[in-house]
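Take a look at the structure set out below.
Just the heavy atoms: all of them, side chains too, but no hydrogens, waters or symmetry mates, feed the values below. As the structure is a computational prediction, the values presented were derived from the model and not from experiment. Here is how names work: the chains are called A, B, and so on, in the same order as the sequence lines, proteins then strands, and each is numbered from 1.
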Amino acid sequence: MSTILEGALYVMRDNVDTDQIIPAQYLNLVPTIPEEYEKLGGYALIGLSEAQHPERFIAPGELKTRYPLLIAGRNFGCGSSREHAPIALGAAGAQAVIAESYARIFFRNCVATGELYPIESAVRLCDTLKTGQIGRLDLDAGTLVVEGVIHRLKPLGEARPVIDAGGLFKYARRNHLIPVR
Amino acid sequence: MTLTEKLLARAGGKMRVAPGENVWVQVDVLMTHDVCGPGTIGVFHREFGRDAKVWDASRIVIIPDHYIFTADSRSNRNVDLLREFVREQGIRWFYDVIDDPKSVWKFDAAKGQLKRQYGDAFAGVCHTALAAKGHTRPGEVLLGTDSHTCMAGAFNLFATGIGNTDAGFVMGTGKLLLKVPETMRFRLEGALPFGVMAKDAILHVIGEIGFDGATYRAMQFDGEGARSLSMDDRMTIANMAIEAGGKNGIFEFDAKTKAYVDARIRANGTRAAYEPVEADREQKFVYDKTFDLSKIEPTVAKHPDPGQRALARDCGDIALDRAYIGSCTGGKASDFLAFARVVKGKRVKIDTFGVPATPEVVRELQVFQMDGKSAWRVLEEAGVRMTENASCAACLGGPEDTFGRLNRPMNCITATNRNFPGRMGHKDSKVYLASPYTVAASALTGRITDPREHLPSS
Ligand code: SF4
């Protein structure tokens, strides 16, 4: 697993809830069905208001994003327990989200699915960083570098190896918590 | 240890646990529904094999309730996926929408869904149904693929919402690794005053600690005020623990809990034995505060999140386009009866939709008499558009043809539990959360209204 993730940032504010990440009308898509998994990616963050986010996370007609690194404020992923939320972000090609804090179930679902790294920033970043800037995230060093400025991140702790492994099941098998198939 | 710590210690086979500790917990009941069930089943088959059997078919409860009265073919396919799994695994506790899944079932748009479209097995909104069907046994661990699973904490359970991958893991093993949360204690005293409901109390509490004030934590409601609350009230409060970010909400066990639970276990024939937990004398809290219920006033949470607390009487300048009563939080019989007391003999001024949480609530309202008329009739005569199709409906938006959905930007006051942008449909709508009393009074005036002037005083 590479410890460096690099790409364009997509910046959001506080309380981006699961309805904004994947609105309820798309929950009829079943993530374990491959075509529907792809489709979920195409709807990722479609619930964000157009007025506040004129640059869309997914360009019209696309299934993948140009922004692999998400930046947010407090309480990212609050609301429902739908695993469709981290899955839609992961399916769209997002690799990590860096927020001030997370809602519990969203954080857990990121880890269980291994879809993306939910990282906490040491200080609030969403007021200073801009969508489209290029960031270089170093998981081992715990830093995000944007235009030469180094931003400190909090360690992922015990969640890191689970996501590195590719989610709960792969991790559990690797560590013989459940039988290897 | 606190109630939550005691429950997790027991389920983890340990004498003691401490907050922060990770414990492998034995699960008593796993609940899933039509939105997350198919994905959970997909994870289960992918990880344990096409021919794998669930860990215990008698402990899995499947309740289609979210997208069921819709013409959307993918939603209907999802219920078919649940049916197939139930057959394959021999799952008994499946509350199917229709009795004969082979019969041709068609959405009747002409009737605006006002006609009943379900069979006798159907149970309605999952959290209310779990309680109504005797699946909430005190002292147990209940996990569900829905964030409001925490509602079962009203019955002295450890209950919390999980995602599909975790649920797939539980389906195969019966276990899950859970972190023991720190406990926040809300000691309630006094009793709810005139015109104030449990919904006001929980909106007050969330406003106090903030919409993320209980993140990673357990919310324990105890004290003499908690005991004064009915089981419906306790359900409303525990339901909304998640709106403060809480992992679970929990109440003590008492005679009211016992009476409610025992009657429903008997009626539905679910497993009868259970063992409640009691808190220890010595409990450690990260937060400990007393709330006097008698001082709480009609409260609303303004757009755009459940922590935007305000008093109803200070919001009279907010004009409304729609009122809505329903959901696991606000669609119980007691909620509709409260609503009916306010609107009886009057007419609502704005579009008002009523969606009972369960078919049982429909029956109760149709039987319950208010001055020689059924409560159902009182509501309809006041202009409330009632549907017999108990379900989640517009609480979470859903497909475009969902009853009561906000299909264009508007202001809506609702007895449901969540008001993030887009929650009830259109992402530019504004949703205000309030008690059934306040929703009813506001429906009469078309503005957010304190219900106390609109309630008969006895
Ligand atoms: S009624 Fe609303 S809150 Fe309750 S389970 Fe259904 S969608 Fe969720």
Side-chain angles (χ1 to χ4, degrees), chain A residues 14-20 23-33 36-37 39-40 46-52 74-76 78-87 100-115 158 162 167-170 172-173 177-179 181, chain B residues 22 24 34-36 38-43 45-49 66-67 70 72 74-75 77-78 81 144-149 160-169 172-173 177 181 211-212 215-216 242-243 245-247 304-305 396-400 402 418 420-423 425 427-428:
Chain A
D14 296 325
N15 286 332
V16 175
D17 82 305
T18 52
D19 283 298
Q20 293 172 74
Q25 70 258 42
Y26 306 116
L27 298 186
N28 58 7
L29 296 164
V30 175
T32 46
I33 300 175
E36 300 188 15
Y37 174 88
K39 277 200 180 126
L40 276 167
I46 200 173
L48 285 174
S49 122
E50 266 127 37
Q52 282 160 36
R74 263 171 74 190
N75 208 24
F76 188 80
C78 55
S80 102
S81 62
R82 65 186 71 149
E83 203 165 280
H84 306 70
I87 286 176
E100 223 178 321
S101 66
Y102 292 89
R104 183 189 63 82
I105 307 179
F106 177 85
F107 183 91
R108 187 167 174 123
N109 286 344
C110 286
V111 178
T113 58
E115 287 282 351
E158 57 209 18
V162 184
L168 172 69
F169 281 96
K170 293 206 180 96
R173 289 219 164 81
L177 300 170
I178 53 172
R181 285 203 294 136
Chain B
N22 286 304
W24 282 100
D34 57 303
V35 165
C36 294
T40 298
I41 293 164
V43 169
H45 278 144
R46 183 184 75 205
E47 299 295 340
F48 294 98
H66 278 58
Y67 302 162
T70 169
D72 178 60
R74 203 178 269 135
S75 300
R77 174 213 55 190
N78 288 346
L81 289 173
T145 58
D146 190 286
S147 61
H148 293 104
T149 303
T160 193
I162 56 175
N164 296 356
T165 301
D166 278 340
F169 192 94
T173 64
L177 187 64
F211 58 81
D212 59 354
T215 301
Y216 286 99
I242 182 68
E243 306 312 334
K247 184 165 191 157
D305 72 69
L396 85 164
E400 281 255 342
T402 302
R418 191 169 275 165
F420 295 116
R423 169 70 178 178
K427 62 185 169 194
D428 297 320

Which portion of [X] sits near chain A, non-hydrogen atoms under 4.5 angstrom:
X: B:Ile242; value: side chain
X: B:Asn78; value: side chain
X: B:Thr145; value: backbone
X: B:Asp166; value: both
X: B:Arg423; value: both
X: B:Asn22; value: side chain
X: B:Ile41; value: neither

Select one option (side chain, backbone, both, neither) describing which atoms of [X] are under 4.5 Å from chain B's heavy atoms.
X: A:Ala172; result: side chain
X: A:Ile105; result: side chain
X: A:Tyr26; result: neither

Using side-chain heavy atoms (C-beta onward) and a distance below 4.5 Å, is [X] in contact with [Y]?
X: B:Pro399; Y: A:Asn28; value: no
X: B:Asn164; Y: A:Pro31; value: yes
X: A:Arg74; Y: B:Asp212; value: yes

Are any side-chain N or O atoms of A:Gln20 and backbone N or O atoms of B:Pro421, one a donor and one an acceptor, separated by less than 3.5 Å?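 Such a contact is absent between A:Gln20 side chain and B:Pro421 backbone.
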Between the main-chain N or O of A:Ala24 and the side-chain N or O of B:Tyr67, is there a donor-acceptor pair closer than 3.5 Å?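 It does hold such a pair.
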Carefully, step by step, assess B:Arg46 and A:Thr32 under the rule side-chain contact (heavy atoms from CB on, under 4.5 Å). CA-CA 8 Å; B:Arg46 183 184 75 205; A:Thr32 46; 3.9 Å; yes
Working note: A:Ser101 + B:Thr215, criterion side-chain contact (heavy atoms from CB on, under 4.5 Å); need CA distance, chi angles, decisive distance, verdict. CA-CA 10 Å; A:Ser101 66; B:Thr215 301; over 6 Å; no
Best-contacting candidate, [options], against chain B by heavy atom pairs under 4.5 angstrom:
options: A:Asn109, A:Val30, A:Thr113, A:Ile87; answer: A:Val30
options: A:Leu177, A:Ile33, A:Asn75, A:Thr18; answer: A:Asn75
options: A:Arg108, A:Gln25, A:Arg82, A:Glu50; answer: A:Arg108

Could you walk me through whether A:Cys78 and B:Phe420 satisfy the side-chain contact (heavy atoms from CB on, under 4.5 Å) test, starting with their C-alpha distance in whole Å, then the side-chain angles of each, then the deciding distance to 0.1 Å, before giving a yes or no? CA-CA 9 Å; A:Cys78 55; B:Phe420 295 116; 3.6 Å; yes
Any residue meeting side-chain contact (heavy atoms from CB on, under 4.5 Å) with A:Arg104, in chain and number order, not counting sequence neighbours: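 Expected list: B:Thr160, B:Tyr216, B:Lys247.
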How would you list, by chain and number, every residue that makes a ring pair (Phe, Tyr, Trp, His ring centres under 6.0 Å) with A:Phe169, sequence neighbours excluded? B:Phe48, B:Phe169
Run the side-chain contact (heavy atoms from CB on, under 4.5 Å) check on A:Glu83 and B:Thr40 step by step: do they pass? CA-CA 10 Å; A:Glu83 203 165 280; B:Thr40 298; over 6 Å; no
